[in-house]
Amino acid sequence: MTNAIHIKPVTVQSEAIPLGGEVRDYVLLLKPRVMSLVVFTGLIGMIVAPGTLHPVLAFTAILCIAIGAGASGALNMWFDADIDAVMARTAKRPIPAGRLTRTDALGFGLVLSVGSVTMMALAVNWVAAALLALTIFFYAVIYTMWLKRRTPQNIVIGGAAGAFPPMIGYAAVTGSVTLDSLVLFAIIFMWTPPHFWALALFIRMDFSKAGVPVLPISAGEDAARSQILIYSLILAPLGVLPWVLGFGGLAYGIVSSLLGTWFVIRALAVWRAVDNADKRLFTFSILYLFLLFATLGVEHLARAL
């Protein structure tokens, strides 16, 4: 499948919506749940980075990361309004539900994009700003506009957008990109495919209706289950690497080893097609990433006390 179905529901395009929607609808454009994960990993990147940053600048950096993530979400909803209207999971979003227009979302996303990058550059540093700009571009253009509707590898390549935030946080403090920040990037990058494909397995019909070539549809469920296992086997030792490299302590080494082992066990259940194993892996994958980064952050905060 090389080209997705382009659906243009008339109600989505209506410009007669009074006052451009409610404040709540603009908040939903920001994809708050995704934003929270982005802000969290960005914050951990700042905590792990050697050196210090004035609290006001640290808050500014986190605010810019949050706004940049929200900008990406708004631009994604602007471009994907046609397929969002088809999928049950996304049909109630502000644009397909008719509460905002695509023009509203596009303007909102562009303003937030320029504002967040400019503020990061002027208040923090240009390296962090460049990484933030790259993140927005990667998610809105590379993933949303180019890859998502064309290749089942969309999430493999496009997943880089979600892996940049800890690098941005790290660069906000140091003004540089180092091996440590690249390792944090690599962990999220390798985590994204099994996390997303587990979701795609149990809502594959939604993606199928929208014509999005996710792996379980384009290559089949067996291929997706095998790929989930392969990526999980790579992710598990990669998650331990901060301890091996010395910027994660003993507690992190133990927690990451246990979490990685359980991740592989969950992936094996998916590979064996155990009932509801895909849902269980998807749920656990969120907990995995949170506990991994939280442990790393707590260790570094404890050392600073």
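For the pair D82 and R149, the salt-bridge criterion is met [side-chain N within less than 4.0 Å of a carboxylate O].
A 4.5 Å side-chain heavy-atom check between I83 and K209 finds every atom pair outside the cut-off. By the 4.5 Å heavy-atom criterion applied to side chains, I286 and H195 are counted as neighbours. The shortest distance between side-chain heavy atoms of F282 and L201 does not fall below 4.5 Å. At a threshold of 4.5 Å between non-hydrogen side-chain atoms, the residues I95 and T101 do not count as touching. Side-chain contact check for L37 versus R33: every heavy-atom pair is 4.5 Å or farther apart. Considering only heavy atoms from C-beta on, M46 stays 4.5 Å or farther from H300 through its side chain. Here the side chains of L112 and L30 are in contact, with some heavy-atom distance below 4.5 Å. Between F196 and L215 there is no side-chain heavy-atom pair separated by less than 4.5 Å.
In this structure, the side chain of T174 engages the main chain of Y170 through a donor-acceptor pair within 3.5 Å. Not a single donor-acceptor pair under 3.5 Å links the side chain of S181 to the backbone N or O of M167.
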Please lay out, stage by stage, how L229 and V270 fare under the test side chain to side chain contact (heavy atoms under 4.5 Å, CB included). CA-CA 8 Å; L229 179 58; V270 173; over 6 Å; no
Side chain to side chain contact (heavy atoms under 4.5 Å, CB included), that's the test. Do L29 and D104 meet it? Break it down for me. CA-CA 10 Å; L29 283 181; D104 292 330; 5.7 Å; no
Tell me, with the steps shown, if F40 and L289 meet side chain to side chain contact (heavy atoms under 4.5 Å, CB included). CA-CA 10 Å; F40 173 67; L289 195 66; over 6 Å; no
Evaluation steps, side chain to side chain contact (heavy atoms under 4.5 Å, CB included), between L28 and R99: CA-CA 11 Å; L28 290 175; R99 300 192 303 274; 3.8 Å; yes
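Following chains of ILVMFWY side-chain contacts shorter than 4.5 Å, one cannot reach L63 starting from W126, and the two form parts of different hydrophobic clusters. L122 and V117 are members of different hydrophobic clusters when ILVMFWY side chains are connected at heavy-atom separations under 4.5 Å. Residues V244 and L182 fall within the same hydrophobic cluster, defined by Ile, Leu, Val, Met, Phe, Trp and Tyr side chains chained together at heavy-atom separations under 4.5 Å. Hydrophobic clustering (ILVMFWY, side-chain heavy atoms < 4.5 Å, transitive): F247 and L179 are in one cluster. Linking ILVMFWY residues whenever their side-chain heavy atoms come closer than 4.5 Å, directly or via other members, places I44 and F59 in the same cluster.
Residues in residues 248-277 take part in no salt bridge (charged side-chain N to carboxylate O under 4.0 Å, His left out) pair, two or more places apart or across chains.
T151 and N154 are not linked by any side-chain donor-acceptor pair at a separation below 3.5 angstrom, with hydrogens and angles left out of the test. Between the side chains of T178 and S176, no donor N or O sits under 3.5 Å from an acceptor N or O.
Partners of T144 under the side chain to side chain donor-acceptor pair (under 3.5 Å) rule, at least two apart in sequence or in another chain, are N76. Partners of T52 under the side chain to side chain donor-acceptor pair (under 3.5 Å) rule, at least two apart in sequence or in another chain, do not exist in this structure. In this view, R225 and E221 satisfy the side chain to side chain donor-acceptor pair (under 3.5 Å) rule, not counting sequence neighbours.
The two residues V127 and G175 make their nearest non-hydrogen contact at CG2-O, 3.2 Å. Heavy-atom minimum distance, A210 versus M87: CB-CG, 3.6 Å. Scanning all heavy atoms of the two residues, the minimum distance from W197 to Q227 falls at CZ3-CB, 3.5 Å. The nearest pair of heavy atoms linking I65 to L132 is CA-CD1, 4.3 Å. Between R102 and F79 the shortest heavy-atom distance is NH2-O, 3.0 Å. Between K92 and A97, the closest heavy-atom pair is O-CB, 3.9 Å.
I254 contributes atom CD1, which lies 11.5 Å from atom CG of L259 (distance to the nearest 0.5 angstrom). In this structure, the separation between NZ on K279 and CZ on F202 is 6.5 Å, given to the nearest 0.5 Å. One finds the CD atom of Q153 at 8.0 Å from the OG atom of S218 (value rounded to the nearest 0.5 Å). Note that CD1 of I217 is 9.0 Å distant from CG of D206, once rounded to the nearest 0.5 Å. D278 CG to R280 CZ: the interatomic distance, rounded to the nearest 0.5 Å, is 9.0 Å. Within the model, atoms CZ of R303 and CD1 of I47 stand 12.5 Å from one another, a figure rounded to the nearest 0.5 Å.
Relative orientation of the F284 and Y288 rings is tilted, given thresholds of 30° and 60° on the angle between their planes.
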Please list every donor-acceptor pair under 3.5 Å in which a side-chain atom of residues 155-166 meets a protein atom from a residue at least two apart or in another chain.
none

Using atom types as modelled, flag every donor-acceptor pair under 3.5 Å from a side chain in residues 230-242 to any protein atom, sequence neighbours excluded.
residue	atom	partner	partner atom	Å
S232	OG	I228	O	2.7

